[in-house]
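Okay, so here's the structure we're looking at.
Keep in mind it's a predicted model, so treat the numbers as computed, not measured. Reckoned from all heavy atoms, side chains included, excluding hydrogens, waters and symmetry mates.
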Number of protein chains: 2
Amino acid sequence: MGNLTLRQQEMLGFLQVFSQERGFWPSIREIRDHFGFNSTNAVVGHLRALENKGYLTCIAGQARSYRITYQNTETPPSDSLEVIDMPVYGNIPAGFPEGIEQGDAIDRIQVDIRSAGIRRSRRSFALKVRGDSMIDAGIFDGDMVIIEPALPNDGDIVAALIDGATTLKRFIKPRQKPPYLKAENENYPELHPVSELVIQGIARSIVRKL
Amino acid sequence: MGNLTLRQQEMLGFLQVFSQERGFWPSIREIRDHFGFNSTNAVVGHLRALENKGYLTCIAGQARSYRITYQNTETPPSDSLEVIDMPVYGNIPAGFPEGIEQGDAIDRIQVDIRSAGIRRSRRSFALKVRGDSMIDAGIFDGDMVIIEPALPNDGDIVAALIDGATTLKRFIKPRQKPPYLKAENENYPELHPVSELVIQGIARSIVRKL
DNA sequence: AAAAACAGTGATTATTTTATCACTATGGGC
DNA sequence: GCCCATAGTGATAAAATAATCACTGTTTTT
């Protein structure tokens, strides 16, 4: 399988995108127009090249009938990743983790545990971020943060219960001093615990839908 | 959406199976031969009927270009999300996206399609971000971006091939002007296409492991 | 320096493919 | 009985489309 020139990459990319977008293959004319050629022959040449290099199969004499000879990507997952299903909460009510009704979840999400950086058999869940208090850490309003219930270490981003609402903050544990929470946004003050710190879990990963 | 006759069901089923098996749509002749008709007009009649009933869209005057418009009966059960497995690339080599050797993937990730914001049956993949060119969009070095091959619109974040390497940039398409790429980092210049833009797909979501 | 691969124009031909006309026949419903 | 949707045959026109030939450059490789 030879290497492709830039033009051939473009050609193959266009074929791919077109067919996935529209559901059928482009005709040679449509390819020509897309690239702004004046002759269909320029297209034919590239298709031949792609065919010779083994990236493409054209059915001779038939319109719009190519076939990209890709290596079967659907290889059976070699060591299938373990996927777990988690509820997504808009807010984690007091009393967590016990006593959460199934209906409190606003959604569900499924990710594999390795990508999410969590351990199995923990009661992980996801939290939909509200507000911009962690914006300097790259966590935006609307992001989903996957939370693993665990004891936090210094520097971890945690879901914490403050005034009955769950917020995302960075957990700071200075030596010889009580821990406190810090927002990653210059406009927000540090939160020294007036009474008690209720940490609901450590943020392990972020999923943002663009 | 009217009911289909037996013949029409057979027709629609054949279209679906054929396109799935072969990768392109059958011509009217091929349909005729499959059903053993003696006239192509019999096929045309059925295609019209299917179109009138809203199951099919034919692009007039173009060969082999249909589109099945009805929702696949296998609607994913609402309570179990559909999870797909995607390769993770550090860089998408030439010849994208086909012809990628299995070994080119540096990892795999599994997410449910709704959380990832992608459509089923697209050959989506993930890309490990290198560099800080999208830092102002909240995409950091080391993030995994889930890419769906598609034609970009103005403002989409896309994976683009520049000098043989894949980078993440924002796609800008001004009216009446050629599109260009823009990094989301003040220290980076705009990238006006010197030759041509190879867009490998649209970024749909981000997964960051903390 | 020569050869080979790459990239393309322009024109022409052959074929595939869709579209359309006229016509036959069957069964259901008002 | 009559109308209408369904299901076809057969032929022909119109278009979209692929394939081919001859030729001009450029770049890369030998």
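- Rounded to an integer number of Å, the gap from CZ of B/Phe35 to C1' of D/dA7 is 13 Å.
- The base of D/dT9 lies close enough to the side chain of B/Asn41 for a donor and an acceptor atom to sit less than 3.5 Å apart.
- Atom CG in B/Leu47 sits about 13 Å away from atom C1' in C/dT17, given to the nearest Å.
- Note: CZ (A/Arg64) to C1' (D/dA15) measures 12 Å, nearest angstrom.
- Rounded to whole Å, atom P of C/dA7 lies 15 Å from atom CZ of A/Arg48.
- One interatomic measurement links the two molecules: CZ of A/Arg29 to P of C/dT15, which rounds to 17 Å at whole-angstrom precision.
- Here the C1' atom of nucleotide C/dT18 and the CD1 atom of B/Ile31 are 11 Å apart, to the nearest Å.
- Classification of A/Arg64 and A/Glu30 as a salt-bridged pair holds, one side-chain N sitting under 4.0 Å from a carboxylate O.
- Aromatic rings from A/Phe24 and B/Trp25 are positioned such that their centres are separated by 6.0 Å or more.
- A donor-acceptor pair is defined here as one N or O able to donate and one able to accept, closer than 3.5 Å; such a pair exists between the side chain of B/Arg208 and the backbone of A/Gly138.
- Candidate nucleotides D/dT6, C/dT17, D/dA18 were compared by shortest atom distance to the side chain of A/Ile28, and D/dA18 ranks first.
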(message) Could you walk me through whether A/Phe14 and A/Phe35 satisfy the ring-ring contact (aromatic ring centres under 6.0 Å, His included) test, starting with their C-alpha distance in whole Å, then the side-chain angles of each, then the deciding distance to 0.1 Å, before giving a yes or no?
(response) CA-CA 9 Å; A/Phe14 172 69; A/Phe35 286 97; 5.8 Å; yes
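- Not a single donor-acceptor contact under 3.5 angstrom links the side-chain atoms of B/Ser39 to the base of D/dG8.
- Between B/Gln62 and D/dA15 there is no side-chain polar atom (N or O) within less than 4.0 angstrom of OP1 or OP2.
- Close to D/dT17, at under 4.0 Å from its OP1 or OP2, lies no side-chain N or O of A/Tyr66.
- Taking every side-chain heavy atom of B/Ala42 into account, D/dG8 is the closest of C/dG8, D/dG8, D/dT17.
- Summary of the strand contacts: A/Ala49 and A/Asn38 both lie near DNA chain C, and taking for each the nucleotide with the nearest heavy atom, the more 5' one is attributed to A/Ala49.
- Along DNA chain D, the nucleotide nearest B/Thr40 and the nucleotide nearest A/Pro26 are compared for position; the residue whose nucleotide lies closer to the 5' end is B/Thr40.
- The nucleotide whose nearest atom lies closest to any side-chain atom of A/Phe37 is, among C/dG8, D/dT20, C/dC6, C/dG8.
- Counting to the nearest Å, the P atom of C/dT9 and the NE2 atom of A/His46 are 10 Å from each other.
- If you take CZ of A/Phe24 and C1' of D/dT17, they are 14 Å apart, rounded to a whole angstrom.
- Note on A/Arg170 versus A/Asp156: no salt bridge recorded, every NZ/NE/NH1/NH2 to OD/OE distance being 4.0 Å or above.
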